[in-house]
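Each remark here refers to the structure printed beneath this line.
We count ligands from 1, going down the list as the structure has it; atoms in each ligand are counted the same way. If you read the sequence from its start, that first residue is 1, and numbering goes on from there.
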Amino acid sequence: MEYSSNNFLRSIIADDLAEGRATEVVTRFPPEPNGYLHVGHAKSICLNFGLAEHFGGRCNLRFDDTNPEKESPEYVASIQDDVSWLGFQWSGEVRYASNYFQQFYDWAVHLVEQGNAYVCDLNAEQAREYRGTLTEAGRNSPFRDRSIEENLSLLAGMKAGDFDEGSKVLRAKIDMSSPNMNLRDPILYRIRKAEHHQTGNDWCIYPTYDFAHGQEDAIEGVTHSICTLEFEDHRPLYDWLIEHLPVPSRPRQYEFGRLNLNYTVTSKRKLKQLVDDGVVEGWDDPRMPTISGMRRRGFTPRSIRKFCDMIGVSRSDGVVDVAMLEHAIRDDLNDNAPRGMCVLRPLKVVLTDYPEDQVERLVAPAHPSREDLGERELPFTRELYIDADDFRESANKKFKRLVLGKRVRLRNAYVIEADSVETDADGNVVTVYAHTLANTIGNDPEDGVKPKGVIQWVSAVTGKQATVRLYDRLFTHEAPDKGDNDFMSLVNPASLEVIEGAWIEPGLADAQPEQGFQFEREGYFVADRYEHQSDAPVFNRTIGLRDTWNNG
Ligand code: ATP
Ligand code: MG
């Protein structure tokens with residue numbers, strides 16, 4: 001199965017292969033394990049794995065784990081889960097930048113020996129001053145002309161832990177007046193006396209992203225190193241390092257536009273804040289745009305891959321309408337999810353003509369067009385629940401549901417007519433008394449008076465009670481983190497409504513965790529991955545029925 005449709009990167013790679021610049025295609029997905037993956041990462045995953053697959057190549061999963069303070073084994077594990085769940089298999093073992101720390105260090109020594117790197121003692125503030133601005137050249141650090149011997153000995157001292165954090169860095173010696181700020185003697189190594197989740201206390205200096213990334217690619221034989229546009233200005237540095245180091249291969253960097261979605265934030269830092277401040281229940285809260293959140297919400301891997309395919313890949317940044325993502329899951333579930341009936345706000349109906357102990361085994365197709373999904377049993381009884389919103393004592397003609405003295409069809413069952421109600425002390429209807437019309441399963445009433453509408457129902461005897469969580473978009477604002485907007489104050493206060501006493505048709509209680517359904521007339525729901533049990537069912541609303549994506 002192919003995951004990524006045609007895009008400009010495919011054309012570039014096809015040309016590289018045709019003209020012999022590459023003989024195989026090796027890509028990588030290189031997350032930093034400092035949070036859970038989000039929908040933006042899904043785009044990068046589909047792209048990298050999709051390209052490798054298309055060209056019969058390989059794609060590595062590599063953790064860019066060069067910032068120990070922000071990383072954790074929990075993130076490492078969740079990222080592997082997410083990539084596998086999306087349906088991709090990385091080539092060989094999972095890789096870690098930290099596996100190459102010794103090699104990076106040796107290469108740092110090489111740069112020093114060649115006169116291409118030096119140890120600098122400027123503090124952060126001084127370094128900023130010396131760096132200049134976009135319109136003004138920088139100035140050489142007073143430490144730039146240290147001898148090779150002195151630099152070698154200072155670098156060894158940094159590695160040995162002789163110096164305090166922040167007191168020294170290793171910098172490449174490139175050009176302080178370059179118009180590209182990334183080439184103004186960029187930092188290659190920092191002192192960080194932090195324990196690392198993979199290498200423990202072996203190291204107290206850690207390479208920067210720029211010093212690590214291209215060299216990781218070269219070590220792994222990556223041919224096409226694909227990253228988002230903000231790294232375009234880093235490409236000259238990427239190339240400079242490959243040029244000045246005895247690396248085993250020559251990867252090349254290509255950039256594409258990152259995914260931004262309206263009504264959503266896609267930044268691990270901001271998502272972490274939502275988790276840390278308790279705005280959501282965790283990284284995999286079904287309202288989160290994380291892959292694990294979407295999974296728990298009821299998205300399927302297929303729908304996410306389809307979405308990534310629909311948005312395409314381009315060389316510019318844009319904002320995608322979240323309604324398109326919602327369309328992708330709705331479309332998938334419409335085609336593939338079995339149907340079921342659920343009553344969210346139960347109102348009791350007693351069918352006065354129906355025998356008290358009778359249980360009639362009605363059956364209905366699991367899906368209107370998918371015979372392969374089989375049938376479901378709908379035991380019918382004298383006492384039922386319908387949705388309170390589906391009944392009125394009196395109503396005008398626009399209300400096509402149950403009204404006193406009028407008829408409605410119970411989905412997959414009889415036509416009934418409402419006769420009277422029982423109310424509580426406050427006048428609220430608590431029970432509707434009705435009767436069935438003979439021979440109306442699959443037929444119109446014999447007297448020719450057809451019901452105007454169809455409503456869902458659940459047997460009060462054989463149905464099961466369930467907890468149903470209704471999720472909505474997490475943000476009320478279209479661009480929650482744009483400009484001066486404070487995304488934390490734009491959280492939708494109604495993003496979660498929990499209904500404890502819903503009723504579901506009996507078979508739904510036996511759903512497998514993560515199984516998705518269409519609850520007729522209500523939307524698409526999934527049995528919660530962690531909490532659903534047949535004796536205590538829990539369903540999450542994935543998405544409503546109404547498609548708001550304008551696809552022309
Ligand atoms: P964040 O800003 O959320 O922390 P990141 O870019 O720092 O994201 P990484 O773990 O470094 O996260 O990203 C791994 C890969 O995923 C990178 O190649 C990165 O370019 C890509 N990626 C991250 N966010 C997006 C996005 N919104 N759209 C497309 N690709 C993305
Ligand atoms: Mg990053």
Requested in this report: Please indicate whether any nitrogen or oxygen in Lys268 is less than 3.5 Å from any nitrogen or oxygen in ligand 1.
Outcome: yes

Report task. Provide the full list of salt bridge (Lys or Arg N to Asp or Glu O under 4.0 Å) pairs with a residue in residues 313-330, sequence neighbours left out, each pair given once. Result -> Glu232-Arg315, Glu255-Arg315, Glu326-Arg473, Arg330-Asp547

Query raised in the report: Is ligand 1 under 4.0 Å from a heavy atom in the side chain of Phe256, in the backbone, in both, or in neither?
Result: side chain

Requested in this report: Using a 4.0 Å heavy-atom threshold (strictly under), name the region of His38 that reaches ligand 1: side chain, backbone, both or neither.
Outcome: side chain

Query raised in the report: When only distance counts, is Glu230 in polar contact with ligand 1, meaning an N/O pair under 3.5 Å?
Result: no

Query - Close-contact set for ligand 1 against Glu32 heavy atoms, below 4.0 Å - result: 9 (P), 10 (O)

**Report entry** Proximal atoms of ligand 1 relative to Ser267 (non-hydrogen, under 4.0 Å)
**Finding:** 3 (O)

Query raised in the report: Can you list the atoms of ligand 1 that are under 4.0 Å from a heavy atom of Pro31?
Result: 10 (O), 14 (C)

Query raised in the report: For ligand 1, which atoms, with element, lie under 4.0 Å from some heavy atom of Pro30?
Result: 14 (C), 18 (O)

Report task. Mind checking salt bridge (Lys or Arg N to Asp or Glu O under 4.0 Å) for Asp331 and listing every partner two or more places apart, or none if nothing turns up? Result -> none

Query raised in the report: Does Asn34, backbone or side chain, put an N or O under 3.5 Å from an N or O of ligand 1?
Result: no

Query raised in the report: For ligand 1, is there an N or O atom under 3.5 Å from any N or O atom of Phe231?
Result: no

